[in-house]
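Sequential numbering from 1 along the given sequence is applied to the chain's residues. Atoms considered below: every heavy atom in the structure, side chains included; atoms not considered: hydrogens, waters and symmetry mates.
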Amino acid sequence: MGKDILKDKKLLRNAWIEINLKNLEHNIKEIKKYIGNKVGLTGIVKADGYGHGVLEIAKVLKKNGISSFGVATLEEAEQIREAGFRDEIIMLGLVPDFVNKSIVKNNIIPVICSYDSAKKLSIEAKNQNKVAEIFIVIDTGMGRIGYISPDRETIHEIKSIYNLPNIKIKGLFSHMSTSGEIDNDFSLKQIERFKEFSRKIESEGIELPVKTLGNSGAILNLEDSYFDRLRLGIAMYGCSPMEEVKDLPFILKPVMSVKSKIVFLKKVPAGFSVGYGRSFITKRESVIATLPIGYADGYRRTYSKVGKVIINNQIVPLAGTICMDQCMVDVTDISDVKLGDEVLIMGEMCDKRIMADDIAKSIGTISYEILCGFGQRLERYYKE
Ligand SMILES: *Cc1c(COP(=O)(O)O)cnc(C)c1O
């Protein structure tokens, strides 16, 4: 695909992202088949769809029956509305009160964990002559946002929110902190806590039509966390929802690939140093290729020492430290290497693959961070 792109479009740099929307569709179908059709899904498209492009992802979600989106910022929500989507949008984090106007106007559903913010939202909704839907967010063990205890005071406060004019509680919302781990102990506690909260709220006559707790990490072995809705993020983008589980009971395909081209190629003698700090010095006569991609594109500098790319279906190591906008690779062992050869930074080619999970693991982070990082500056091309 890369070659066609370069013919058709004016690529400003020889480094780009390819997004395979078919693979996204495949992943959604696999996950739906696994969890069954009783469970609803909210597609999480925060951080520009984990670096994949929020609107393109939203379109595929909708086509596959997911018409609820989770975002992190008002801009993302507005972007979705401006593109003409009328589907549900949930704001996953807390936002300042001054954005209430847009929240109400655009029918964005915020998560709420204080009477004060609910009251302000109620006033704005009344001004606009609308009803604002909200999720009550509870902290069952993430330690991030939400009511932490279903004590009398809290239940009373939730009741006061329920009684506010022009406010409708859509449901109960909480997030898991260890769902992606094999050890279930704490997750089960979170589920129990969630149920306890639900029971106490409902016993006050407050309806909670949509209960949502689990994320991708919960898909595999936390069925009890499904409730009405799973909030699906990383797994639909094709990364493993559980770091330690290698053999998933369904097949996920990577949606994002990162590619580049060799823009400079040189033969150098032994003892030649490459890059900042001279951390790489050739031990033999070598061929070094330069690629126009660097840490400002999300190609993390800490990856330099262990990093690999794929050229002509062969795995080759990085040489020296990744620069801001460029990096070098040692292509000495590739016989037929040429200027302009395509380079796979992340993705699959024939039988070779370098996955976001692999890069993440080798530098002590998670696939999410790798995807978001690449998504920030590189141009994206979509494969339907
Ligand atoms: C990011 C996020 C999700 C999605 O998590 P994944 O692990 O990517 O599935 C779900 N819920 C909330 C509140 C989030 O912030």
Side-chain angles (χ1 to χ4, degrees), residues 27-44 46 61 64-70 88 90 92 109 111-113 134-151 154-155 158 169-237 239-252 366 368:
N27 296 339
I28 294 169
K29 288 193 170 126
E30 286 278 294
I31 292 161
K32 276 189 160 184
K33 206 163 36 171
Y34 187 80
I35 64 174
N37 50 19
K38 278 202 223 82
V39 188
L41 287 171
T42 290
I44 305 300
K46 64 191 179 196
L61 292 180
N64 287 275
I66 302 178
S67 63
S68 167
F69 309 128
E88 178 182 285
I90 304 171
L92 301 169
I109 307 181
V111 294
I112 294 278
C113 51
I134 62 166
F135 271 101
I136 295 293
V137 55
I138 59 172
D139 184 355
T140 53
M142 176 66 185
R144 191 164 67 180
I145 53 172
Y147 292 108
I148 58 172
S149 163
D151 53 27
T154 297
I155 301 301
I158 293 171
I169 295 179
K170 169 109 190 173
L172 192 65
F173 181 108
S174 190
H175 194 49
M176 308 194 86
S177 58
T178 61
S179 63
E181 294 172 18
I182 286 177
D183 184 342
N184 266 348
D185 275 7
F186 193 70
S187 293
L188 296 176
K189 285 194 181 115
Q190 285 199 249
I191 292 168
E192 278 319 303
R193 192 72 163 170
F194 192 83
K195 286 183 181 161
E196 185 192 353
F197 251 109
S198 303
R199 246 184 282 115
K200 288 195 172 155
I201 295 170
E202 285 169 334
S203 74
E204 292 292 318
I206 301 168
E207 278 169 52
L208 298 169
V210 178
K211 296 185 183 121
T212 174
L213 172 62
N215 61 329
S216 295
I219 294 172
L220 275 189
N221 59 355
L222 288 169
E223 208 176 316
D224 286 350
S225 77
Y226 290 2
F227 295 97
D228 301 300
R229 274 278 182 89
L230 272 182
R231 299 188 307 272
L232 180 60
I234 200 71
M236 71 178 178
Y237 297 107
C239 297
S240 174
M242 296 182 86
E243 212 184 304
E244 296 152 89
V245 178
K246 278 276 163 285
D247 293 310
L248 298 172
F250 41 79
I251 295 166
L252 296 179
I366 52 176
Y368 304 66

**Message:** Tell me whether Gln190 contacts the main-chain N or O of His175 through its side chain, where contact means a donor paired with an acceptor under 3.5 Å.
**Reply:** yes
**Message:** Surrounding CD of Glu202 (heavy atoms of other residues, nucleotides or ligands, distance under 6.0 Å), is the total greater than 12?
**Reply:** yes
**Item:** Ile148 atom CD1, neighbour heavy-atom count above 12 within 6.0 Å
**Value:** no
**Asked** Closest approach of Leu230 and Val39, non-hydrogen atoms and distance?
**Response** N-CG1, 3.9 Å
**Message:** I need the full list of salt bridge (charged side-chain N to carboxylate O under 4.0 Å, His left out) pairs touching residues 185-195, with sequence neighbours left out, sorted by first then second residue.
**Reply:** Glu192-Lys195, Arg193-Glu196
**Item:** Side-chain heavy atoms of Val210 within contact of Phe173, under 4.5 Å
**Value:** no
**Asked** Heavy atoms, side chains only, cut-off 4.5 Å: are Ile31 and Leu252 in contact?
**Response** yes
**Asked** Atom CG in Leu213, atom OG in Ser187: separation rounded to 0.5 Å?
**Response** 8.5 Å
**Message:** Donor-acceptor pair, distance only, cut-off 3.5 Å: does the side chain of Tyr34 make one with the backbone of Leu220?
**Reply:** yes
**Message:** Evaluate Ile191 against Thr140 for side-chain contact (heavy atoms from CB on, under 4.5 Å), listing each step before the verdict.
**Reply:** CA-CA 8 Å; Ile191 292 168; Thr140 53; over 6 Å; no
**Request:** For residues Ile145 and Asp139, determine if any side-chain heavy atom of one lies less than 4.5 Å from a side-chain heavy atom of the other.
**Result:** no
**Test item: Ser174 side-chain N/O and Ile138 main-chain N/O as donor-acceptor pair under 3.5 Å** = yes
**Item:** Shortest non-hydrogen separation from Gly214 to Ala218 and the atoms involved
**Value:** CA-CB, 3.9 Å
**Asked** Taking the six-membered ring for Trp, are the ring centroids of Tyr147 and Phe197 within less than 6.0 Å of each other?
**Response** no
**Message:** Are Cys239 and Ile366 packed together at the side-chain level, in the sense that at least one heavy-atom pair is separated by less than 4.5 angstrom?
**Reply:** no
**Asked** Looking only at heavy atoms, what is the nearest atom pair of Ile251 and Glu30, with distance?
**Response** N-OE1, 2.8 Å
**Prompt:** Can you tell me how far the CD1 atom of Ile136 sits from the NZ atom of Lys211, to the nearest 0.5 Å?
**Reply:** 13.5 Å
**Asked** Which pairs with one or both residues in residues 173-183 pass salt bridge (charged side-chain N to carboxylate O under 4.0 Å, His left out), sequence neighbours excluded?
**Response** none
**Message:** With heavy-atom distances below 4.5 Å as the criterion, would you say the side chains of Leu41 and Ile35 are in contact?
**Reply:** yes
**Message:** Can you confirm whether Thr212 sits close enough to Thr42 that some side-chain heavy atom of one is under 4.5 Å from a side-chain heavy atom of the other?
**Reply:** no
**Complete:** What one should report as the nearest heavy-atom pair of Met176 and Met142 is O-SD, 3.9 Å
**Asked** How long is the span from the CD1 atom in Ile155 to the CD1 atom in Ile206, to the nearest 0.5 Å?
**Response** 7.5 Å
**Fill in**
So CD1 of Ile66 and CD1 of Ile28: to nearest 0.5 Å the spacing works out to 4.5 Å
**Message:** For Lys38, give me all partners under salt bridge (Lys or Arg N to Asp or Glu O under 4.0 Å), at least two apart in sequence or on another chain.
**Reply:** none
**Request:** Would you check if the side chain of Thr154 reaches a backbone N or O of Ser149 as a donor-acceptor pair within less than 3.5 Å?
**Result:** yes
**Request:** Kindly indicate, with the supporting measurements, whether the criterion side-chain contact (heavy atoms from CB on, under 4.5 Å) is fulfilled by Tyr226 and Ile219.
**Result:** CA-CA 8 Å; Tyr226 290 2; Ile219 294 172; 4.3 Å; yes
**Asked** Does Ser216 use its side chain to pair, donor to acceptor, with the backbone of Gly233 at less than 3.5 Å?
**Response** yes
**Prompt:** Would you say Asn184 and Thr178 make side-chain contact, with heavy atoms under 4.5 Å?
**Reply:** no
**Request:** Answer yes or no: is there a side-chain heavy-atom contact under 4.5 Å between Lys200 and Ile158?
**Result:** no
**Item:** Residues Ile134, Val111; criterion side-chain contact (heavy atoms from CB on, under 4.5 Å); working and verdict
**Value:** CA-CA 6 Å; Ile134 62 166; Val111 294; over 6 Å; no
**Request:** Take atom CD of Glu88 as the centre, draw a 6.0 Å sphere, and report whether it contains more than 12 heavy atoms from other residues, nucleotides or ligands.
**Result:** yes
**Complete:** Closest heavy-atom pair, Leu248 versus Ser240, reported as atoms and distance to 0.1 Å, is CD2-OG, 4.3 Å
**Asked** Has the side chain of Asn215 got a donor or acceptor atom that lies under 3.5 Å from a matching backbone atom of Arg231?
**Response** no
**Item:** Short side-chain to backbone donor-acceptor contact, Ser198 and Phe194, under 3.5 Å
**Value:** yes
**Prompt:** Given Ile90 and Arg229, is the side-chain contact (heavy atoms from CB on, under 4.5 Å) satisfied, shown in steps?
**Reply:** CA-CA 12 Å; Ile90 304 171; Arg229 274 278 182 89; 3.9 Å; yes
